[in-house]
Amino acid sequence: MLPQKRLKTLDCEQGAVRAVRFNVDGNYCLTCGSDKTLKLWNPLRGTLLRTYSGHGYEVLDAAGSFDNSNLCSGGGDKAVVLWDVASGQVVRKFRGHAGKVNTVQFNEEATLILSGSIDSSIRCWDCRSRRPEPVQTLDEARDGISSVKVSDHEVLAGSVDGRVRRYDLRMGQLFSDYVGSECCGTGDRQGQQCRPPGPSLGFSWLYLLLYTGHQNKQYKLDCCLSERDTHVVSCSEDGKVFFWDLVEGSLALALPVGPGVVQSLAFHPTEPCLLTAMAGRIQCWREEAYEAEGGAG
């Protein structure tokens, strides 16, 4: 079942919400604000758990570690920040990018943070070391990095130069595929077309289908897969979220969210639960048959 029932609308009170992200088990979510803050929520209860302040400009992306003990974030101040979840304190602040940081990801062990920037580079930062410089820089892109995904031995990156690059860290090889136009992420593309990454970051079926209908002309918008990898899900500038059947490429649902641009979304890792971000609010969606404890708010 696709999530079509709006359970909660949360006013995040942090300016425009630039990104919304589930944590690894889907119990909590992060919101990245234009007011320089990062916030941790229980989205179903609508509870704010903690606010993280330390960026010098708007926060553009965030991610949680596998054990929920740390967060990482990147923003318009060109910095990558490692946070302690419990205390809310900055553990490390990594500087070295020459432009705003669009995307951040932990590796699986949360020993490294990978950050992608409009300076056309991906930088790998050692969370355990005090060294100020990155342990590795991947600078093959010819324009800004808009999205990065990480597995145990692969890094998949989307760039505004129109290419998706896959780095095989075991073999020391780079595979580059031209998508065309501007690749806004490893899961979305401008020009009203969408091409999702494989669940294992492989290219076995990447680019086999186009998913069309949504509007994406001005903004970098999120695109992802549903919790069972059955549907491709994308933001749109016309206030909707689009769902396509992964295999057939047919449109399954155009979910009306509100008047404005749906700038970010996140799908729960194991349940049919969707988070959307529009302006300064996030919305939590579940399947029609879902009944929240104590009633929906």
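Just so we're clear, the structure is a prediction, and the values are computed from it rather than from any experiment. Values reported hereafter were calculated over all heavy atoms of this structure, with side chains retained and with hydrogens, waters and symmetry mates removed.
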Query raised in the report: Mind checking whether Met278 and Leu255 sit in one hydrophobic cluster, side chains of I, L, V, M, F, W, Y counted as touching below 4.5 Å?
Result: yes
Query raised in the report: Hey, are the side chains of Trp83 and Val90 touching, using non-hydrogen atoms and a 4.5 Å cut-off?
Result: yes
**Report entry** Main-chain N/O of Arg6 paired with Gln283 side-chain donor or acceptor, under 3.5 Å
**Finding:** no
Requested in this report: Quickly, which of Lys220, Arg21, Arg18 forms a side chain to side chain donor-acceptor pair (under 3.5 Å) with Ser264? Name it, please.
Outcome: Arg21
Report task. Please confirm whether the backbone N or O of Tyr57 pairs with a side-chain atom of His55, one donor and one acceptor, at under 3.5 Å? Result -> no
Query raised in the report: Passes side chain to side chain donor-acceptor pair (under 3.5 Å), Ser117 versus Ser121? Steps please.
Result: CA-CA 6 Å; Ser117 168; Ser121 75; 5.5 Å; no
Query raised in the report: What is the minimum heavy-atom distance between Arg95 and Lys93, and which atoms define it?
Result: NH2-CD, 3.3 Å
Query raised in the report: Taking the side chain as C-beta and beyond, is there a heavy-atom pair between Phe22 and Cys273 under 4.5 Å?
Result: yes
Requested in this report: Might you point out which heavy atoms bring Trp244 and His214 nearest each other, and give the distance in Å?
Outcome: CH2-ND1, 3.3 Å
Query raised in the report: Do the side chains of Ile282 and Leu40 join up, straight or via other hydrophobic residues, at under 4.5 Å, putting them in one cluster?
Result: no
**Report entry** Ser146 side chain to Val160 backbone, donor-acceptor under 3.5 Å
**Finding:** no
**Report entry** Short side-chain to backbone donor-acceptor contact, Lys5 and Glu288, under 3.5 Å
**Finding:** yes
Query raised in the report: Any idea which heavy atoms bring Ile122 and Ala157 closest together, and the distance?
Result: CD1-CB, 3.4 Å
**Report entry** Test item: Ser159 side-chain N/O and Gly144 main-chain N/O as donor-acceptor pair under 3.5 Å
**Finding:** yes
Report task. Look only at the side chain of Tyr211 and the backbone of Leu246, and say whether a donor-acceptor pair between them is shorter than 3.5 Å. Result -> yes
Requested in this report: Answer yes if Leu30 and Val81 sit in the same cluster of Ile, Leu, Val, Met, Phe, Trp and Tyr residues linked by side chain heavy atoms under 4.5 Å apart, and no otherwise.
Outcome: yes
Requested in this report: Might you confirm whether atom CZ of Phe267 has over 12 heavy atoms from other residues, nucleotides or ligands at distances under 6.0 Å?
Outcome: yes
Query - Leu169 reachable from Ile145 in the ILVMFWY side-chain graph, under 4.5 Å edges - result: yes
Query - Which atom of Leu2 lies closest to which atom of Ala252, heavy atoms considered - result: CD1-CB, 4.2 Å
Query raised in the report: Any sub-3.5 Å donor-acceptor pair from Asn23's side-chain atoms to Gly64's backbone N or O?
Result: no
**Report entry** Check: Leu274 and Leu265 side chains under 4.5 Å, non-hydrogen atoms
**Finding:** yes
Query - Close side-chain approach of Pro272 and Arg286, heavy atoms under 4.5 Å - result: yes
**Report entry** Donor-acceptor under 3.5 Å (Asp84 side chain, Gln89 main chain)
**Finding:** no
Name every donor-acceptor pair, under 3.5 Å, that has one atom in a side chain of residues 134-143 and the other anywhere in the protein, sequence neighbours excluded.
from   : atom 1 : to     : atom 2 : distance (Å)
Glu140 : OE1    : Tyr167 : OH     : 2.8
Arg142 : NH1    : Glu140 : O      : 2.8

Query raised in the report: side chain to side chain contact (heavy atoms under 4.5 Å, CB included) with Lys39: which of Thr31, Leu10, Leu49?
Result: Thr31
Report summary line: Using a 4.5 Å side-chain heavy-atom cut-off and chaining through intermediate ILVMFWY residues, the residues clustered with Val104 come out as Val80, Leu82, Val91, Phe94, Val101, Phe106, Ile113, Trp125
Query raised in the report: Has the side chain of Arg92 got a donor or acceptor atom that lies under 3.5 Å from a matching backbone atom of Cys127?
Result: no
**Report entry** Shortest non-hydrogen contact from Gln215 toward Ser236
**Finding:** N-OG, 2.9 Å
Query raised in the report: Hey, quick one: are Val17 and Leu60 part of the same hydrophobic cluster, counting side-chain heavy atoms closer than 4.5 Å, chains of contacts allowed?
Result: no
**Report entry** Over 12 foreign heavy atoms within 6.0 Å of CZ, Arg281
**Finding:** no
Requested in this report: Evaluate the side-chain proximity of Asn102 to Asp61: yes if any heavy-atom separation is below 4.5 Å, no if none is.
Outcome: no
Requested in this report: For the residue pair Leu44 and Lys8, establish whether any side-chain heavy-atom pair is separated by less than 4.5 Å.
Outcome: no
